[in-house]
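Computed from heavy atoms alone, side chains included, the values below leave out hydrogens, waters and symmetry copies.
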Amino acid sequence: MSLNESTLIVPETDLRKVVDSEINYLYDLEDIYFLQNDPKAKQAALTLRDAVLRLRRDGAFVAVPLWRVNEDPVGPHPVGSYEIWCPLESFASVYSYLALNRGNLSILIHPLTRDERADHEVRNAWMGPSFPLNLDTLPVRSDDVPLQYPSLRLGYSSTFQGPSLEERKQAGAAIERALSKEKEAAKAPMD
């Protein structure tokens, strides 16, 4: 997408549409990348993986590194990599941990939805330098909801409904009232 194309996007502001389209399940803080021919980079990636596993065991957050470590390019990923699945409920904690502890490793972050190609191509973010992805290996759209680890009852498997639209509106109004006296805070439009 060129810079000119990105300026044509009009962000959604209808509360119901925004809430209905939330990616309420999970993210792949995936693809912790390492140069497979660099033993130090590979060891750094595996050490980070083990640390995430220990912290999950100790209750810091829910994050599930997959058992497989890709020693070579696999799918869209051009170098060695492994996935860490993370439900929305732990996203901030896992993101913060990885941001502070990734060292020189690059991490591709993207949601897991039925739109796999868009998840990797336009709904992504990177910690560290990005790598070019081979998007031809991904389907444009999958028929299946990406359920992972339903036994955890998180994300798409969760029974938690979250706040109603009215509760969200009340919370938003309370935040606006609190910020009304803050000179540095931008005011929300009155429409």
Side-chain angles (χ1 to χ4, degrees), residues 1 21-158 160:
M1 177 182 304
S21 69
E22 276 183 350
I23 298 168
N24 69 346
Y25 186 40
L26 51 93
Y27 285 81
D28 259 351
L29 286 163
E30 112 170 33
D31 303 310
I32 312 296
Y33 284 167
F34 58 91
L35 298 175
Q36 64 270 20
N37 296 325
D38 181 345
K40 288 182 181 177
K42 181 179 175 185
Q43 186 55 52
L46 295 177
T47 299
L48 180 61
R49 184 177 184 271
D50 287 347
V52 168
L53 287 165
R54 282 187 190 92
L55 289 164
R56 181 190 71 204
R57 175 199 65 203
D58 295 344
F61 42 66
V62 176
V64 183
L66 302 187
W67 63 270
R68 181 183 67 240
V69 174
N70 302 316
E71 302 279 338
D72 295 302
V74 172
H77 312 295
V79 295
S81 64
Y82 62 86
E83 281 183 54
I84 297 179
W85 170 86
C86 176
L88 181 63
E89 295 87 343
S90 288
F91 181 78
S93 296
V94 176
Y95 182 93
S96 175
Y97 177 77
L98 292 174
L100 294 172
N101 293 280
R102 70 176 181 81
N104 290 327
L105 298 170
S106 289
I107 301 175
L108 169 62
I109 303 159
H110 65 80
L112 291 177
T113 71
R114 289 182 169 143
D115 301 313
E116 292 182 52
R117 188 169 298 177
D119 291 347
H120 284 77
E121 184 176 23
V122 295
R123 298 175 180 159
N124 67 13
W126 288 87
M127 285 187 205
S130 64
F131 283 76
L133 302 177
N134 180 3
L135 298 170
D136 292 338
T137 64
L138 296 171
V140 173
R141 183 161 175 89
S142 172
D143 292 332
D144 300 320
V145 173
L147 290 178
Q148 290 191 338
Y149 312 106
S151 61
L152 296 177
R153 300 180 59 90
L154 297 170
Y156 292 128
S157 303
S158 175
F160 177 71

Quick one: salt bridge (charged side-chain N to carboxylate O under 4.0 Å, His left out) pairs with a partner in residues 36-45, sequence neighbours left out?
-> Lys42-Glu71
To the closest 0.5 Å, what do you measure between [atom1] ([X]) and [atom2] ([Y])?
X: Glu121; Y: Leu135; atom1: CD; atom2: CG; answer: 5.0 Å
X: Ser81; Y: Phe131; atom1: OG; atom2: CZ; answer: 10.0 Å
X: His110; Y: Asp31; atom1: NE2; atom2: CG; answer: 5.5 Å
X: Leu133; Y: Arg117; atom1: CG; atom2: CZ; answer: 11.5 Å
X: Leu112; Y: Ser142; atom1: CG; atom2: OG; answer: 11.0 Å
X: Asp58; Y: Leu53; atom1: CG; atom2: CG; answer: 11.0 Å

Examine distances only and state if a side-chain atom of Thr47 and a backbone atom of Gln43 form a donor-acceptor pair shorter than 3.5 Å.
-> yes
Is the backbone of Ala63 close enough, under 3.5 Å, to the side chain of Arg56 for a donor and an acceptor to pair up by distance?
-> yes
Heavy-atom neighbours of Asn104 CG exceed 12 at 6.0 Å | no
Beyond-backbone contact of [X] with [Y], side-chain heavy atoms, under 4.5 angstrom:
X: Val62; Y: Glu89; value: no
X: Arg123; Y: Thr113; value: yes
X: Leu55; Y: Val94; value: no
X: Leu98; Y: Met127; value: yes

Over all atoms of both residues, closest heavy-atom pair of [X] and [Y]:
X: Asp143; Y: Arg114; value: O-NE, 3.5 Å
X: Pro78; Y: Pro132; value: CG-O, 3.2 Å
X: Pro129; Y: Ser106; value: O-OG, 2.6 Å
X: Asn134; Y: Gly75; value: CB-O, 4.2 Å
X: Gln36; Y: Asp72; value: CG-OD1, 4.2 Å
X: Thr137; Y: Pro76; value: OG1-N, 3.1 Å

Can you list the steps and then say if Val52 with Asn101 is a side-chain contact (heavy atoms from CB on, under 4.5 Å)?
-> CA-CA 10 Å; Val52 168; Asn101 293 280; over 6 Å; no
Salt bridge (Lys or Arg N to Asp or Glu O under 4.0 Å) partners for Arg153, two or more places apart | none
Phe34 and Tyr82 aromatic ring geometry - parallel, tilted or perpendicular at 30°/60° bounds = tilted
